[in-house]
Amino acid sequence: MSDSTRSRLGQIGLAFAAGSAVLSGGGLWHWASSQEAEYRNTAERDARYEESAARENVQIECAIADISRADCDDRIEQAARDAQENTRDLEAQQTMAVWTKAMGLAAVIGMSVGILSLGLIFFTFRETRKGAQTARDNLNAFYESERAIVHAIAGRVGTSNKRGGEYVAFEFKNKGRSPARIVRMGGNLPSNDTATENAETRWTVIPVAGSVSVIAFPVPPKNAILETECWVEYRSVGPKIYTSYFEVTVKWREERSTSLVFITPAWEVTVTNTDGHPKDT
């Protein structure tokens, strides 16, 4: 069963619980109202009977006790009123008992429906969260399958028209399925033990299966060998920033000659650990 189906079942369950609560409440109200009407009709009938019986009893007592007509009439009216009040009191007690029972049942039903609703809300929330997580996972999987993959493939030394002097430059190749945009590029230089960044490379675009050369940092002194770790941060599809690390060795090659070959002095830039580097993210 898919996450969306389970979430829909939870919503249907909530609707069913709400409908059951409404129907139960309506049924209780109808039952209590019917009982109240029945008690009222019975009380009116009993009140008329009790009133008539009370009048007859008082008339018999008046005849036996030889009570005056005026006093007898007063006794008859009082007995009739007392009989009606007793019957009405009984009706009120019965009506109150019915509504008390209805309220108790309503409280039990409400509590049951509330507990069920809380469970269904939790179930629906959990399944909705699972569905959202699945959607995020699918989107991230799409990003990973379509992302750019940038690696340094070579290095060289050249001059910069803007800055002047010689600089180490790297060639980056995009081996992924989407264009890449460089965010930052730099390296840790042992001379000052700090990370040096080249802001001029920001937003340089590397097309799919294409490559670009980017200036990194000035060349070291000719009497020193620079071995350091460099990195390039880049964006591709999605919001994530990827980082590719690589090792660099820069050194000055002195003039050498043999009987067969003459090697002119020049800079050597060696780039290693560029493809499948453990730190590539």
Side-chain angles (χ1 to χ4, degrees), residues 140 142-258 260-281:
N140 290 333
F142 169 77
Y143 287 157
E144 288 300 316
S145 64
E146 298 295 323
R147 57 166 280 198
I149 301 176
V150 175
H151 290 293
I153 59 174
R156 60 182 178 85
V157 171
T159 58
S160 173
N161 295 328
K162 294 182 179 179
R163 303 181 185 182
E166 293 181 311
Y167 285 82
V168 177
F170 299 116
E171 183 179 359
F172 295 103
K173 185 175 181 62
N174 183 359
K175 302 178 182 181
R177 304 179 63 178
S178 298
R181 292 180 300 166
I182 295 178
V183 178
R184 296 189 306 168
M185 190 273 294
N188 297 321
L189 301 183
S191 59
N192 53 16
D193 198 26
T194 58
T196 302
E197 300 179 11
N198 182 5
E200 296 178 5
T201 63
R202 188 173 180 84
W203 306 127
T204 299
V205 177
I206 309 176
V208 177
S211 60
V212 297
S213 293
V214 176
I215 293 176
F217 47 79
V219 295
K222 292 183 179 181
N223 60 353
I225 297 177
L226 173 61
E227 294 180 344
T228 184
E229 181 182 62
C230 295
W231 44 263
V232 58
E233 293 183 353
Y234 59 95
R235 286 186 180 274
S236 184
V237 292
K240 188 175 180 180
I241 296 179
Y242 301 94
T243 306
S244 182
Y245 293 86
F246 54 97
E247 303 291 334
V248 177
T249 301
V250 182
K251 63 181 179 179
W252 175 256
R253 184 186 62 203
E254 297 291 348
E255 177 181 331
R256 289 181 297 167
S257 63
T258 65
L260 299 176
V261 179
F262 177 77
I263 301 176
T264 60
W267 286 103
E268 288 184 357
V269 180
T270 305
V271 178
T272 57
N273 293 333
T274 62
D275 201 357
H277 194 282
K279 291 186 177 180
D280 181 53
T281 58

> With sequence neighbours excluded, tell me which residues meet side chain to side chain donor-acceptor pair (under 3.5 Å) with S211.
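Scan of S211 (side chain to side chain donor-acceptor pair (under 3.5 Å), adjacent residues dropped) gives E171.
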
> Hey, what do you get for CD (E233) to CZ (R184), rounding to the nearest 0.5 Å?
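So the gap between those two atoms works out to 4.0 Å.
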
> If every non-hydrogen atom of N174 is compared with every non-hydrogen atom of A148, which pair is closest and at what distance?
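Shortest heavy-atom contact: OD1-CB, 3.5 Å.
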
> Heavy atoms only: give me the nearest V271-A154 pair and the separation to one decimal.
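What the structure gives for the nearest pair is CG2-C, 3.6 Å.
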
> To check you understand the geometry: which heavy-atom pair defines the closest contact between G238 and Y143, and what is its length?
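Closest approach of G238 to Y143: CA-CZ, 3.5 Å.
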
> Could you tell me if the side chain of T272 sits less than 4.5 Å from the side chain of T249, heavy atoms only?
no

> Tell me, do M185 and Y234 make a side-chain contact under 4.5 Å, heavy atoms counted?
no

> What residues form a salt bridge (charged side-chain N to carboxylate O under 4.0 Å, His left out) with E166, not counting sequence neighbours?
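Result, salt bridge (charged side-chain N to carboxylate O under 4.0 Å, His left out) vs E166: none returned.
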
> Looking at every non-hydrogen atom in both residues, tell me the closest pair between V208 and S178 and how far apart they are.
CG2-C, 3.4 Å

> With a 4.5 Å limit on heavy-atom distance, are the side chains of W267 and V168 in contact?
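Heavy-atom side-chain distance check fails, nothing below 4.5 Å.
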
> Any donor and acceptor pair, going by atom type alone, linking the side chain of K173 with main-chain N or O of A209 inside 3.5 Å?
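The answer is yes, because a donor-acceptor pair under 3.5 Å joins these two groups.
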
> Just to verify, what does V212 make a side-chain contact (heavy atoms from CB on, under 4.5 Å) with, not counting sequence neighbours?
T204, I206, V214

> State, yes or no, whether a side-chain contact exists between F217 and L226 at a heavy-atom distance under 4.5 Å.
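Sidechains of L226 and F217: in contact.
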
> So, using salt bridge (charged side-chain N to carboxylate O under 4.0 Å, His left out) as the criterion, who are the partners of E146 when residues are at least two apart?
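Result, salt bridge (charged side-chain N to carboxylate O under 4.0 Å, His left out) vs E146: R177.
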
> So does R147 get a backbone contact from the side chain of S236, meaning a donor-acceptor N/O pair under 3.5 Å?
no

> Within the structure provided, determine whether V183 and W203 are in side-chain contact (heavy-atom separation under 4.5 Å).
yes

> Would you say K222 and P265 make side-chain contact, with heavy atoms under 4.5 Å?
no

> So that I know where these two stand, are F172 and F246 an aromatic pair - ring centroids less than 6.0 Å apart?
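Close enough - the centres of the two rings lie under 6.0 Å apart.
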
> Check whether N140 reaches the backbone of E144 with its side chain - one donor and one acceptor, N or O, closer than 3.5 Å.
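Between the backbone of E144 and the side chain of N140 there is no qualifying donor-acceptor contact (under 3.5 Å).
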
> Looking at every non-hydrogen atom in both residues, tell me the closest pair between P220 and V250 and how far apart they are.
CD-CG1, 3.7 Å

> What are the two closest non-hydrogen atoms of S244 and V150, and how far apart are they?
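Shortest heavy-atom separation between S244 and V150 comes out as OG-O, 3.0 Å.
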
